[in-house]
Amino acid sequence: MRVVDLLDQVRDRWAERVAHRLARGEKVRESFQDQLVRYFDLMRQAITSGDPGWLNEILDEWLEARTQTDQEDQETSLSPILGHILLSLSSVTRELLNSDDALELISAVLPVHNHALQYSSTKEAETYVRHIANDLEEARATLERLDKSKSDFISVAAHELRTPLTLIEGYSSMLQDIYPEDEDARQRVEIMLKGVDNGITRLREIIDDMIDVSLIDNNMLKLNYQPVWLNQLIGIVEQEIRVITEGRSIQLCIEEFPGYKEMIFADSERLYQAIWNILTNAVKYTPDEGKITVSGRTLPGFVEMTVTDTGIGIDPDDQARIFEKFGHLGDISLHSSSKTKFKGGGPGLGLPITKGIIEAHGGTIWVESDGYSEESCPGSTFHVLLPQRKESPDDQVNTIFSPIDDDLDYDEIKETIAKETSWQKK
Ligand code: ADP
């Protein structure tokens, strides 16, 4: 065949030329020169058989060798080498062949060359995607390990702190029985013991929160389903925080909403804890003379409770983060641990626990806010969506995280609610 003869004529000079170009003038390894000759022979085979796939094997070897070097290096791509191969072939053919023969040879080589380019770039893209996927998987595994050690730490710390706290509680209550004779001294001791008592209560609350978070993290939160009326739970929390809201001139407005007085099956203590967290947060992040409104409605199969405040609001970028453990925002050095003081942040476990409780019931929680501003106070609305269970889910009595319907698309429900809410605002 004519093309085969033409190829044979240019083969040796071509191999030298490519090697020289690739080595940028330096001496090239003999093994590499052999590789180039092998490439040329396979190219010849591909042209004569009409099957460019003959080149795949050597391309795979080159790609493999290149990916074992630094992935970040752009030079890992085979295209520059294939470019040199073609350029060298065209210059050598011009030197050694007349123009008709050169044209014939190049026309025969081009489809094979195109195949080589396409094949190697597809393979490179696949390798790159695999490489990125591996990196992502590694990063995900590292994050998971970090999160696991964080929750292990919380669990160990909570249990370790509980024992000395019980000791302090015991000694403090024994001290209460010892009354100094002197009235003045007695009063001072009483004030001090009250202080110790407050400290113990706060510490116990923090430890309980830490234990709750680790229970939720480890899917061990147990729900005790029983008949619950939302209005009763809201009423209890309202009574407890009324004195605080009045002290800070915050208007607390509890609206009667559909589903508010209806019985549902839920864990009343846990639900109370969730409502308490949301309402005390609303108090904490609303300046004096603000307003907090509790409202809601029913949706097919669900009751929705909303808590809207006229507080400092939450930046949209932070709205998912606040439901993560230790997801409190702002400067930790300015942290003032208070349950009710304006901006008095806690350890940042309240909302993750609340979310864990609501989700354990098969519900969901999210927040809407136009943004964060202590000046304009755009406010926030927390939405809690709870299944309207009319009977105790027998198989869920001692288990958790068993949403009543796995197929529920909460995002769709949230979207519908968001649309309707923005319509109502207008
Ligand atoms: P914390 O113990 O810090 O209050 P939470 O888990 O209860 O922790 O809340 C996490 C963070 O979410 C808070 O630090 C606060 O930045 C933000 N947040 C919660 N509720 C509100 C609200 N009603 N308005 C504005 N920010 C809020």
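Remember, it's 1-based here, ligands and their atoms both numbered in the order they're listed.
Under 4.0 Å from ligand 1, the heavy atoms of D309 that appear belong solely to its side chain. Both the backbone and the side chain of L351 come within 4.0 Å of ligand 1, counting heavy atoms alone. Contacts with ligand 1 closer than 4.0 Å are made by side-chain heavy atoms of F382 only, the backbone lying farther away.
When I322, I314, D318 are checked for heavy-atom proximity to atom 26 (N) of ligand 1, I314 turns out nearest.
Defined by atom type and a distance below 3.5 Å, a donor-acceptor pair is present between the side-chain atoms of S77 and S79. The closest side-chain donor-acceptor pair between E169 and Y171, if any, does not fall under 3.5 angstrom. Checked by atom type, the side-chain pair Q239/R242 shows no donor-acceptor distance below 3.5 Å.
The shortest N or O to N or O distance between G348 and ligand 1 is under 3.5 Å. In terms of polar-atom proximity, defined here as any N/O pair under 3.5 Å, G350 does make such a contact with ligand 1.
Remark: the backbone N or O of S151 is not paired with any side-chain donor or acceptor of S155 at under 3.5 angstrom. Proximity of a side-chain donor or acceptor of R17 to a complementary backbone N or O of S91 within less than 3.5 Å is not detected. Side chain of S369 to backbone of I314: a donor-acceptor contact under 3.5 angstrom is found.
Looking only at side-chain heavy atoms (C-beta outward), I206 and L161 stay at 4.5 Å or farther from each other.
Atoms of ligand 1 found under 4.0 Å from any heavy atom of P352 (numbered from 1 in listed order, with element): 6 (O). Residue contact check: K284 has heavy atoms under 4.0 Å from atoms 1 (P), 2 (O), 4 (O) of ligand 1.
In this structure, G313 counts as a contact residue of ligand 1, since one of its heavy atoms falls inside 4.0 Å of the ligand. Proximity of G311 to ligand 1 is not established, as no heavy-atom distance is less than 4.0 Å.
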